[in-house]
Q: 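Here you go, one structure.
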Amino acid sequence: MKTKRKYFYLDDFEHRLLVGCLMTARNEYIYEDKPIEDVNELILKILDAPTKKLRVIVKEDA
């Protein structure tokens with residue numbers, strides 16, 4: 001069975017915010033002595049994700 005993938009398009013601010021939130025969650029897990037392997041994997045996926053330039057076309061109603 002094929003795994004479904006989801007794609008997210010984030011600007012620089014959203015990317016930094018997401019990584020910051022994940023790092024905060026990771027630090028809280030460390031403080032509470034919970035496992036952090038899953039959070040680490042997600043952080044690495046976000047950091048290593050390829051970038052893609054998108055073309056945005058705005059159509060104005062006349």
Side-chain angles (χ1 to χ4, degrees):
M1 187 169 154
K2 216 171 188 185
T3 304
K4 289 187 177 184
R5 293 185 177 250
K6 294 184 180 185
Y7 297 94
F8 296 95
Y9 298 102
L10 306 173
D11 62 19
D12 287 337
F13 173 75
E14 293 168 335
H15 184 262
R16 283 185 276 121
L17 183 64
L18 180 59
V19 171
C21 290
L22 288 171
M23 293 301 289
T24 302
R26 180 181 180 270
N27 291 336
E28 288 179 12
Y29 277 37
I30 290 172
Y31 179 75
E32 296 171 1
D33 200 29
K34 293 182 179 178
I36 58 169
E37 290 81 19
D38 294 335
V39 179
N40 286 341
E41 282 184 35
L42 187 55
I43 291 170
L44 289 176
K45 281 184 181 182
I46 297 296
L47 291 176
D48 293 340
T51 58
K52 181 178 182 179
K53 291 188 178 184
L54 297 176
R55 180 185 296 176
V56 178
I57 300 173
V58 179
K59 293 184 179 182
E60 296 181 14
D61 294 332

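Residue numbers start at 1 and run along the sequence shown.
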Q: Distance-only criterion, 3.5 Å: show the donor-acceptor pairs between side-chain atoms of residues 10-24 and protein atoms not counting sequence neighbours.
A:
residue : atom : partner : partner atom : Å
Asp11   : OD1  : Phe13   : N            : 3.3
Asp11   : OD1  : Glu14   : N            : 2.8
Glu14   : OE1  : Asp11   : N            : 3.0
His15   : NE2  : Ile46   : O            : 3.3
Thr24   : OG1  : Gly20   : O            : 2.9

Q: Could you tell me the separation between the CD1 atom of Ile36 and the CG atom of Asn27, rounded to the nearest 0.5 Å?
A: 8.5 Å
Q: Nearest 0.5 angstrom please: Leu47 CG to Leu42 CG, how far?
A: 9.5 Å
Q: Counting only heavy atoms from other residues, nucleotides and ligands, does the tally under 6.0 Å from CG of Asp48 exceed 12?
A: yes
Q: Taking atom CD of Glu37 and atom CZ of Arg26, what is their separation to the nearest 0.5 Å?
A: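 The CD atom of Glu37 sits 10.0 Å away from the CZ atom of Arg26.
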